Structures are given as structure tokens and as C-alpha cells.
Amino acid sequence: MAAKAPRAWILKSEPDTFGIDHLAALKDKTTLWDGVRNFTARNNLVAMEIGDRGFFYHSSCAVPAIVGEMKVVEKAIPDESAFDKKSPYFDAKSKREKPQWFSPRFKFVKKYPFELDRETLKAAGLGKSLLFTSFRLSVIPLTDAEVKIIEKLIAERLKN
DNA sequence: GCCAACGTTGGC
DNA sequence: GCCAACGTTGGC
């Protein structure tokens, strides 16, 4: 059997706080995905492997949409912000000896010259995706079929 | 800004 | 270990 292909995820972030432009503007264009405080999302972050694709999704904004792509460049390490009393993400229950929260590192790949909004994603067949059925989940695994749908949308948009 | 959905906490 | 209360997310 061939090596397992990298998998793909959708990662939500608020563009006002940390959007894809923030990531692209960083010198090394990489970031630790920290501050996630939800167990399901955490488990997904921990499951990520180097090379996995991350679709960058802008949430809580005028047009929630997939706006670009990242890739995992480092597996999850303990989330330092949970140890920092001054951080809004501080969590007294996460100890250095026994961390609760983890962050993989992502690198910017590209920003699309278009946005794939919810209406577009749903119309293309992603209505059954966790993006819609578990709408509060901020780190969402994608099936191969779902990735194909997104890739097709991207190819179509690039042609026009 | 509203509020539904739903994950998490805490009392029992 | 149940479940009500609470807090947060995130679309609209």
C-alpha cells in the first residue's frame, strides 16, 4: 500500500484577531495554532501530521469563508498560552507536568484570489460536513470526498 | 447585537 | 454519574 496521503482539516479563526493576512505577513509565515480550548478540537490538533493540509476559514465575520491554505510543519507541542497567567487563554488546569492543550505549527501556503463562503460550500455538497453539522467545532477533519469537493471548487474558481 | 446550539462545570 | 446552569461560539 502506498504511504498514507496527508490529510486535511478546516481551521477556524476570526480575521479581526488572526486572519490569513496576519499569517502571511509574519516573517516566516508560520504560527503555532494556540488558544484552542475545546477537547474535540484539541484531539484533532494532536492527530495532525506533518504535511497535513489546513484550510484557513474566517469565522465570526461579515463573510465566513475558506480563504486559503496552510500546511502542518510541526506536530503539536504543549500550548504555552495555557501556562501564562496573563494570557486570555490561561488555564490553571493545564500544568507543565501534564499539559492539557496542544498546538501544531502551520505554515502559510496560499491565499485564494476568491473566498469559498458557506453558501458555496453547502451548494457544492459539504452540507453534511462537520462544518455545518457541528458548527461550533473550530478544528474540523475533512474526508477525502470533502477535500475533492473543495478542490473542485478551487479549480472552477481559478478558471474564471 | 441577538440568540440557538452545545460543550463544560459543578451540585447533588 | 446525572443533569441543570452557565458560558462561549459563531451565523445571521
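Each chain gets a letter, A, B and so on, in the order its sequence line appears, and its residues count up from 1. Only a predicted model underlies this, so the values are computations on that prediction, with no experimental measurement involved.
For A/Lys12 and C/dG10, the shortest distance from a side-chain N or O to OP1 or OP2 is below 4.0 Å. Taking side-chain N and O atoms only, A/Arg118 has a distance below 4.0 Å to OP1 or OP2 of C/dG11. Within the structure, a side-chain polar atom (N or O) of A/Lys93 is placed less than 4.0 Å from OP1 or OP2 of B/dT9. Here A/Tyr57 reaches the OP1 or OP2 of C/dG11: one of its side-chain N or O atoms lies under 4.0 Å away.
If you take CZ of A/Phe135 and P of B/dG7, they are 9 Å apart, rounded to a whole angstrom. Rounded to whole Å, the distance from CH2 on A/Trp101 to P on B/dT8 is 7 Å. Nucleotide C/dT9 holds its P atom 11 Å from the CZ atom of A/Arg37, rounded to whole Å. The interatomic distance linking A/Asp117 (CG) with C/dG11 (P) rounds to 11 Å, in whole Å. The distance from atom CD of A/Gln100 to atom P of B/dT8 is 11 Å, rounded to the nearest whole Å. Counting to the nearest Å, the P atom of C/dG11 and the CD1 atom of A/Ile66 are 12 Å from each other. Computed from coordinates, the A/Asn38 CG to C/dG7 P distance equals 18 Å when rounded to whole Å. In this structure, the NE2 atom of A/His58 is 17 Å from the P atom of C/dT9, given to the nearest Å.
Ring geometry for A/Phe18 versus A/Trp33: interplanar angle over 60°, hence perpendicular rather than tilted (30 to 60°).
In terms of hydrophobic clustering, with Ile, Leu, Val, Met, Phe, Trp and Tyr side chains grouped at heavy-atom distances under 4.5 Å, A/Leu45 and A/Tyr57 are assigned to different clusters.
Residue A/Lys107 qualifies as enclosed at atom NZ: its count of foreign heavy atoms under 6.0 Å is above 12. Counting heavy atoms of neighbouring residues, nucleotides and ligands inside a 6.0 Å radius, atom NZ of A/Lys29 exceeds 12 of them.
At the heavy-atom level, A/Ser13 lies nowhere under 4.0 Å from the strands shown.
Evaluation of atom-type donor-acceptor distances gives a pair under 3.5 Å for the side chain of A/Arg136 against the base of C/dT8.
Between A/Trp9 and A/Phe56, the distance separating the two ring centers is not shorter than 6.0 angstrom.
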